[in-house]
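One structure is given below, encoded as structure tokens.
Just so it is clear, the values below take in all heavy atoms, side chains as well, and ignore hydrogens, waters and symmetry mates. All chains are named by letter (A, B, ...) in the order of the sequence lines, taking the proteins before the strands, and each is independently numbered beginning at 1.
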Amino acid sequence: MPHDHAEHLSPSGHPYRQDNDGPLTYWQTMEIAIRELMIEKGEVSAAEVTAQIEAMDARSPANGAAVVARAWTDPDFKARLLDDASAASREMGFDIGPMNLLAVENTSDVHNLIVCTLCSCYPRNLLGLPPDWYKTREYRSRAVREPRAVLREFGVQLPETKTVRVHDSTADMRYIVLPARPSGTENLDTHALAALVTRDSMIGTGLPKDPA
Amino acid sequence: MGPRRMFEPGTSVSVKKLQPPGHVRTPTYLRGKTGIIERAIRPFKNPEQLAYGLPAGEKYLYRVRFDMAEIWGSAEVPGDTVDAEIYEHWLEEMS
């Protein structure tokens, strides 16, 4: 066996990820203990806990893309979105719970970028769970220190004539970028427009796709 | 009756240079820095107490806009900014 003693290699020599079944951390143990106690005391049921997990897993960037596409096609809705993004999202039928959402608009002069330097605040109740890189110390520290370098690594090269505004979600608000509508999309309906809106374009680390 | 709005948009404010223990939502890299009130949001329950299940009073939350050069001493492109949410008790008006 050529790779008998090599770690993280399959018998055929391919690297694989280490098994994720180490001992529980302190906080994982704490979460399980509290959840079991609450179920035991009848505060919540196991089915309700599962339903909440499923509701969160059902949220996806497609929800945000629908909001963005509507804002691109309906100026009154866009005004309401920029005034109160929570109310505008609910108006479209999205259950975002108690989330306080703020939309920031990309224009010909301004590019917005979202980060949470303190932890991993993200508009989960609209877009679902954040990408893993969003929670890394590297992204969190560099986005506020050298946003243009971070953007270049994501493939976004901005001219010096455009101002970068980084938004650090330090407290109660959550943020979504309203990207600029790509040119050449005048004849697309909201469904086709939504397909151009990527998750990263709503974080600010990307731009919407160009129409095919 | 919640707390009154103390700062209007455009007001120059500095972030207090404090190091209290506990659950604080004011990032260290902004403490001691000066910015402009971008907007007044509204009062929220103070997370510094809320995090510990203590009775939490309401504090007004502001968005403050900082120049990259003010925070870091330089900026790749002058005029780039960081906006952050800072609670009223962390802010002082610049005279």
Is any side-chain heavy atom of [Y] closer than 4.5 Å to one of [X]?
X	Y	result
A:Val166	B:Thr81	no
B:Met68	A:Pro147	yes
A:Leu102	B:Arg63	yes

Next on the checklist: Let's test your reading of the structure: which of A:Asp172, A:Thr163, A:Leu113, A:Val104 forms the most heavy-atom pairs below 4.5 Å with chain B?
Outcome noted: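 Winner by heavy-atom pair count: A:Asp172.
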
Next on the checklist: So for B:Leu30, is it side chain, backbone, both, or neither that comes closer than 4.5 Å to the heavy atoms of chain A?
Outcome noted: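 For B:Leu30, no heavy atom lies under 4.5 Å from chain A.
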
Item to check | Segment of B:Phe66 engaging chain A (4.5 angstrom heavy-atom cut-off) | outcome: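 Neither part.
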
Checklist entry - Is there a donor-acceptor contact under 3.5 Å from the side chain of B:Trp72 to the main chain of A:Val144? => result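 It does hold such a pair.
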
Crowding at [atom1], [X] (>12 non-hydrogen neighbours, <6.0 Å):
X	atom1	result
A:Asp189	CG	yes
A:Asn187	CG	no
B:Lys45	NZ	no
A:Glu91	CD	yes

Checklist entry - Given a strict heavy-atom distance threshold of 4.5 Å, which part of A:Asn112 is in contact with chain B: side chain, backbone, both, or neither? => result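 Interface part for A:Asn112: neither.
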
Next on the checklist: Is A:Thr117 close to chain B through its backbone or its side chain, or both, or neither, when contacts mean heavy atoms under 4.5 Å?
Outcome noted: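 The answer is the side chain of A:Thr117.
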
For the atom pair [atom1] ([X]) and [atom2] ([Y]), what is the distance rounded to the nearest 0.5 Å?
X	Y	atom1	atom2	value
B:Glu85	A:His167	CD	NE2	10.5 Å
A:Arg145	B:Ile71	CZ	CD1	9.5 Å
A:Arg165	B:Glu38	CZ	CD	8.0 Å

Item to check | Side-chain donor-acceptor contact under 3.5 Å, B:Arg25 with A:Thr170 | outcome: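 No, no side-chain donor-acceptor contact under 3.5 Å.
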
Item to check | B:Tyr29 side chain to A:Asp168 side chain, donor-acceptor N/O pair below 3.5 angstrom | outcome: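 On atom types as modelled, these side chains qualify, holding a pair under 3.5 Å.
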
Checklist entry - So, are A:Arg148 and B:Asp80 salt-bridged, with charged N and O less than 4.0 Å apart? => result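 Between B:Asp80 and A:Arg148 there is a salt bridge, with a charged N closer than 4.0 Å to a carboxylate O.
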
Item to check | Options B:Pro27, B:Gly79, B:Ala75, ranked by heavy-atom pairs under 4.5 Å with chain A, top entry | outcome: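 Highest number of pairs under 4.5 Å: B:Pro27.
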
Next on the checklist: side-chain contact (heavy atoms from CB on, under 4.5 Å) for A:Val164 and B:Glu76? Distances and angles first, verdict last.
Outcome noted: CA-CA 10 Å; A:Val164 172; B:Glu76 184 182 334; over 6 Å; no

Item to check | Nearest atoms (heavy-atom pairs only) where B:Val77 meets A:Glu160 | outcome: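 So the two residues come closest at CG1-O, 3.6 Å.
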
